[in-house]
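Shown next, in structure tokens, is the structure this report addresses.
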Protein chains: 2
Amino acid sequence: MAVHIMTALAYVKEKISSEQLANTVNTNPVVVRRILGALNRAGLVCAERGKVGGFSLARASKDISLLDIYRAILAKQKLVNLHDNPQNRACAVSCKVRGVLSTHLKQAQSAYERELKKVALADIEKSM
Amino acid sequence: MAVHIMTALAYVKEKISSEQLANTVNTNPVVVRRILGALNRAGLVCAERGKVGGFSLARASKDISLLDIYRAILAKQKLVNLHDNPQNRACAVSCKVRGVLSTHLKQAQSAYERELKKVALADIEKSM
DNA sequence: CAAAATAGTAACCAATGTGGTTACATTAAT
DNA sequence: ATTAATGTAACCACATTGGTTACTATTTTG
């Protein structure tokens with residue numbers, strides 16, 4: 001939904017309300033504003049309050065990547081997580097698996113993020 | 001948890017019960033058996049019933065990758081999903097974003113899976 | 001053949017996360 | 001002062017997940 005919203009902002013190049021954005025996503029304005037809140041905190045959009053308020057991109061769509069949007073929304077979530085059951089101190093596997101697996105998952109996560117970084121919002125906008 | 005279990009199976013090279021596996025993961029045997037069920041259906045482990053039953057790897061740990069385990073457990077889930085709200089036919093963005101974004105997400109997903117494929121269970125086992 | 005120990009699975013619960021909704025406070029233009 | 005917008009809290013419905021209990025099916029062993 002965040003990418004959908006950002007694409008809409010890039011596509012219509014003017015200020016637009018959460019009401020109108022909700023219309024393209026087919027959901028509730030509050031849901032849209034929640035997402036826009038995260039995008040705003042990440043510095044990707046500008047929000048203006050009051051009558052004739054609305055949202056717009058904070059910078060050119062060629063300078064915004066899918067990774068920027070991904071991070072704004074899923075800031076501290078990982079794609080795949082380790083289980084968090086307590087260790088069994090008597091078991092070498094139990095004590096060490098998490099650490100080892102963690103490094104491999106980070107590798108994969110980085111590869112995923114590198115791909116997202118390659119795609120600019122402008123690329124998506126062009127396909128509309 | 002699945003990787004933890006598979007590592008344990010690789011580490012002790014003999015048949016082992018869900019009770020013992022639950023002990024290293026620090027959870028319930030039923031939870032372990034649920035995961036082992038998926039791993040079994042994916043052909044990664046062998047299960048034996050009855051007294052002296054238990055589980056063992058179906059093939060050498062060097063021939064099992066993290067991707068195999070990932071697919072066994074998260075078979076049809078994607079790392080990141082498209083929203084599934086209905087389209088707004090009157091809006092070009094609403095109609096086209098999903099398709100465009102989908103191809104980029106598949107690229108990233110593939111990159112993630114390529115990294116998982118590089119890691120063999122044997123690599124993890126060696127670090128124990 | 002009976003007992004014991006194991007896998008397989010259904011059913012339920014608690015906790016969590018997500019999206020939708022209502023309601024209201026805050027802000028700014030008119 | 002009115003109007004129209006953002007910002008957010010509160011609540012609900014729903015799905016997912018891991019844990020738990022309880023049971024059946026299977027296999028070995030005394």
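To find a chain, count down the sequence lines: A is the first, B the second, and so on, and within it residues start at 1.
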- Task: Given side chain to side chain contact (heavy atoms under 4.5 Å, CB included), test V32(B) with I35(B) step by step and report yes or no.
- Result: CA-CA 5 Å; V32(B) 171; I35(B) 293 169; 5.9 Å; no
Whether over 12 other heavy atoms sit under 6.0 Å from K62(A) NZ: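 12 or below, so no.
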Next item on the list: Kindly check if the number of other-residue, nucleotide or ligand heavy atoms within 6.0 Å of NZ (K15(A)) is above 12?
Entry: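 Check passes, neighbour count above 12.
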Using modelled atom types and a 3.5 Å cut-off, is there a donor and acceptor pairing between side-chain atoms of T103(A) and backbone atoms of V100(A)?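 At least one qualifying donor-acceptor pair exists.
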query = Quick check: does any side chain N or O of S61(B) sit under 3.5 Å from a backbone N or O of L121(B), one acting as donor and the other as acceptor?
reply =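 Pair absent, no side-chain N/O of S61(B) close to backbone of L121(B).
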Output the residues of residues 76-92 of chain B in contact with DNA chain D, where contact means a heavy atom of the residue under 4.0 Å from an atom of the strand; sort by number or write none.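 Per residue number, the list reads Q77(B).
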What integer distance in Å separates [X]:[atom1] from [N]:[atom2]?
| X | N | atom1 | atom2 | answer |
| --- | --- | --- | --- | --- |
| I35(A) | dT18(C) | CD1 | P | 11 Å |
| M1(B) | dT17(D) | CE | P | 13 Å |
| N23(B) | dG19(D) | CG | P | 14 Å |
| L36(B) | dA7(C) | CG | C1' | 10 Å |
| Q20(B) | dA7(C) | CD | C1' | 14 Å |
| R34(A) | dA23(C) | CZ | C1' | 13 Å |

(Q) For dG20(C) and T27(A) - does any side-chain N or O of the residue sit under 4.0 Å from the phosphate oxygens OP1/OP2? (A)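 T27(A) to dG20(C) OP1/OP2: side-chain N or O found under 4.0 Å.
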**Item:** Below 4.0 Å: OP1/OP2 of dT6(D) and any side-chain N or O of R33(A)
**Value:**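 Checking dT6(D) against R33(A), a side-chain N or O does come within under 4.0 Å of OP1 or OP2.
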- Task: Name the closest nucleotide to the N28(A) side chain, picking from dG18(D), dG20(C), dA22(D).
- Result: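 For N28(A), the side-chain atoms sit closest to dG20(C).
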| Of the nucleotides dG7(D), dG19(D), dT9(C), which one has an atom closest to the side chain of R41(B)? |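 Shortest atom-to-atom distance from the side chain points to dT9(C).
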Next item on the list: Quick one: sort the Y112(A) and Y70(A) rings into parallel, tilted or perpendicular, breaks at 30° and 60°.
Entry: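 Aromatic pair Y112(A)/Y70(A) classed tilted.
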**Q.** Passing option when E113(A) is tested against K118(A), R71(A), K106(A), K78(A) for salt bridge (Lys or Arg N to Asp or Glu O under 4.0 Å)
**A.**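 Result for salt bridge (Lys or Arg N to Asp or Glu O under 4.0 Å) with E113(A): R71(A).
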Polar atom pairs (N or O), protein with nucleotides 3-6 of chain C, under 3.5 Å:
residue : atom : partner : partner atom : Å
dA5(C)  : N3   : K51(B)  : N            : 3.4

**Q.** Spacing of M6(B) atom CE and L44(B) atom CG [to the nearest 0.5 Å]
**A.**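 Result: 4.5 Å between the selected atoms.
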Q. Got a second to check how far Q109(A)'s CD is from E115(B)'s CD, nearest 0.5 Å?
A.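 Going from CD on Q109(A) over to CD on E115(B), the span is 11.5 Å.
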